Structure formats: C-alpha cells, structure tokens
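Everything on this sheet refers to the single structure shown next.
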Amino acid sequence: MPNGEYAECPHCGKIAFGHSEIEEEFGYRYNGTVPQSWCRQCRATERREKNCGYTLCQWHGEADCSSRFDCPCKDD
C-alpha cells in the first residue's frame, strides 16, 4: 500500500484514496505517515466487542468498563 495514496481495510474491504479520504475513513499512525490498517468503523466495532461493557465495574473502576482484557465480571 503506497502511503498517502491508498488504504484498504483487511477486515471489511473498505477502500480510501488520497490523504483527506484516508484521514477521514482510516486515520494515520506514526506521526501521520502510515495509514491505519483497519478502518475507523472496524476498529471501533472490534473495541466494543472486546470490551467488558459492565457498568460500575468493580475491577477497573469505570462507569462503563472499557477493559480489553479478560474481565472477571464476565464470569458472573
């Protein structure tokens, strides 16, 4: 993938061309030089699916648990 010209999400197949479209659909890493591999939508979905999601999490002390690790709450 030539940086700054083209990005394709390996998860959903979304394609973006040009810097502004890549920024909008994928975002950049490494100080804005390398497009993210997964699009923003797939990354957000992946985070939601991996997060515990419990409210008032006793282990992580957050109103809505955002732990991406195995959470002891899930065994309740």
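For this chain, numbers begin at 1 and follow the sequence in order. Remember, it's a predicted structure, so these values are computed and weren't measured experimentally.
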I need the minimum non-hydrogen distance between Ile22 and Pro35, along with the two atoms involved. CG2-CB, 3.7 Å

Shortest non-hydrogen contact from Ala16 toward Glu25: CB-CB, 4.3 Å

State, with a plain yes or no, whether a side-chain heavy atom of Cys9 is found less than 4.5 Å away from one of Gln36. no

Could you pull out all residues at least two apart from Glu23 that satisfy side-chain contact (heavy atoms from CB on, under 4.5 Å)? Tyr28, Arg40

Inspect the contact between Lys14 and Glu8 and indicate whether a charged nitrogen and a carboxylate oxygen are less than 4.0 angstrom apart. no

Quick one: CD on Glu5 to NE2 on His19, what's the gap to the nearest 0.5 Å? 12.5 Å

Out of curiosity, Gln41 CD to His11 NE2, how far, rounded to the nearest 0.5 Å? 10.5 Å

Using a 3.5 Å distance criterion without hydrogens, assess whether the side chain of Arg43 forms a donor-acceptor pair with backbone atoms of Trp38. yes

Should the ring pair Phe17 and Tyr6 be called parallel, tilted or perpendicular, given that the plane angle runs from 0 to 90° and is split at 30 and 60?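 Tilted: the ring planes of Phe17 and Tyr6 meet at 30° to 60°.
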
Verdict with reasoning, Cys39 to Cys12, per side-chain contact (heavy atoms from CB on, under 4.5 Å): CA-CA 8 Å; Cys39 69; Cys12 72; 3.8 Å; yes

